[in-house]
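Scope of the values below: all heavy atoms of this structure, side chains included, with no hydrogens, waters or symmetry mates. Counting convention: from 1, in listed order, for ligands and their atoms alike.
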Amino acid sequence: MITKIKGTNDILPAGLGGDIFIAEKWAALKKIIDDVVDNFNYQFIDTPIFEATELFVKGIGDVTDIVQKEMFSFTDRGDRELTLRPEGTASIVRAYIENSIAKKSNIARLAYQGPMFRAEKPQKGRYRQFHQFGVECMGGAEPNFDVEVISLFWTILQATGLKKMKLHINTVGTEASREIYRQQLREFFQDKKDKLCSDCQNRYDSNVMRILDCKNPHCNELAEGVPPIYDSLDEESTLHYAEVKSQLNNLGISFIEDPTLVRGLDYYSKTSFEIIHDQIGAQATIVGGGRYDSLIKQSGGGDVPAVGAAFGVERLLLSIDAEGIDLVTLKQPDFFLVLLDKDKESEMSKLLFDLRNRGFFALSSDGSRQVGKQLKAADKSKSKFVVFIGGDEWNEGSLAIKNLKSGEQQRLEISPEGLVDSLAQFLNRS
Ligand code: AMP
């Protein structure tokens, strides 16, 4: 048997296996997301799952873990270098520029979702194919846009019922501030350089801030006591950061300042943030994002400031499960049709079709036509009413209907409008 690739998941329907990654939870979460996206005036955009490799190398940064170690890249039949997208922002920035969105919308509020691919070592909460929901707010330089994005994610998490998430924020400043900070960090790590992991030894020269983001616990220990970025910030970065904090306070969204939060991608400037849930194991970051004021220009577009963030759907579902929240309310069938006379089979099929066609959730037994077995199936389906097809009432031009909860059976006269209308009116009255 050929099995699925390590680090990928089947998302099964409820009752057919799996407990956390089930399709109904996925759908319930999607409904919450769609509502919040609408309420915050964002619009969905869909970009291709594969793009030119160069897009990610340039956009994400060639000294990042994603680009150096984690991309699923391949050469296609036309010798083009392609990559399965590892994240959403680079593609959306490309689409923003390619479709001249800046000309059509001062502030573009875009949302996206779909599978992403990273060749990371699989473990709980970390997969090779995972799913992200994200937003990008393009065109606004002011702190209120950072807060809008943070509050959108906060709203989604709150709407799922989650309580134990924590917002961590930091600033990585403007490029000028970061240059000063990089110098400070090189001085801090100078004597410890030989003890860092080989990746961090390279990072010391290529991008020293990335050492703060290393996943190696030994490097984390060596980074203890590192000077915070705050002393290196220019006035613009300091004011922006102060305003973000003040607006978050104003909205009543509490946060933790985390001076080592630099995030694993190259394109961030000023605000960076994560939302963390500490009950889902080592991969505890649900949401990650921040401001990226130079990426659009660097990618060939105009001088457009932007801010964005994304969460991993799987990690969010793990957090929801860890707090014992049940996202799914399974839809209750309205009618279960039970066949009493074998020769009424085609009339039952017609009624089943007509009911479904009118928007009702209607079922009939898949297997045996023994009445006892059909009633058992009706019970199991937790339908509201059983409708008997055939038997005395049917032959007299009316319907026998049983309320499965109360066990009460009654006779329903069929109105001149016909069977489906009679059942619709009955359901409305019940
Ligand atoms: P990033 O694009 O790395 O900032 O990630 C944003 C969010 O995507 C993270 O906070 C996770 O929730 C999720 N994520 C990133 N990588 C993975 C992965 N390999 N498996 C599952 N979720 C992931």
Worksheet item: So is there a nitrogen or oxygen of Ile286 less than 3.5 Å from a nitrogen or oxygen in ligand 1?
Response: yes
Practice prompt. Return the option from Glu120, Gln283, Arg315 holding the heavy atom at the smallest distance from atom 19 (N) of ligand 1.
Written response: Glu120
Worksheet item: Hey, is Asp199 close enough to Lys69 for a salt bridge, meaning N to O under 4.0 Å?
Response: yes
Discussion item. Using side-chain heavy atoms (C-beta onward) and a distance below 4.5 Å, is Phe56 in contact with Arg85?
Written reply: yes
Worksheet item: Is any NZ, NE, NH1 or NH2 atom of the basic residue among Arg182 and Glu175 found under 4.0 Å from an Asp or Glu carboxylate oxygen of the other?
Response: yes
Worksheet item: Under 3.5 Å between some N or O of ligand 1 and some N or O of Thr285?
Response: yes
Worksheet item: Under 6.0 Å from the six-membered ring centre of Phe44 and within 45° of its axis: does the NZ or CZ of Lys30 meet both?
Response: yes
Worksheet item: Under 3.5 Å, N or O to N or O, is Glu87 touching ligand 1 that way?
Response: no
Item to complete: Give the single entry among Phe130, Phe311, Tyr127 that approaches atom 14 (N) of ligand 1 most closely by any heavy atom.
Response: Phe130
Worksheet item: Which atoms form the tightest heavy-atom contact between Thr171 and Ile229, and what is the distance?
Response: O-CG2, 3.3 Å
Worksheet item: For Gln132 and ligand 1, does the shortest N/O to N/O distance drop below 3.5 Å?
Response: yes
Item to complete: For ligand 1, indicate whether the residue Ile66 contacts it via side chain, backbone, both or neither (heavy-atom separation under 4.0 Å).
Response: neither
Fill in: Leu222 backbone acceptor or donor facing Lys192 side chain under 3.5 Å
yes
Worksheet entry | Note: Lys270-Glu236 ion pair, threshold 4.0 Å (strictly below) | yes
Worksheet item: Under 3.5 Å between some N or O of ligand 1 and some N or O of Glu314?
Response: no
Discussion item. Given Gly125, Ala310, Ala309, Gly312, identify the one with the heavy atom nearest to atom 21 (C) of ligand 1.
Written reply: Gly125
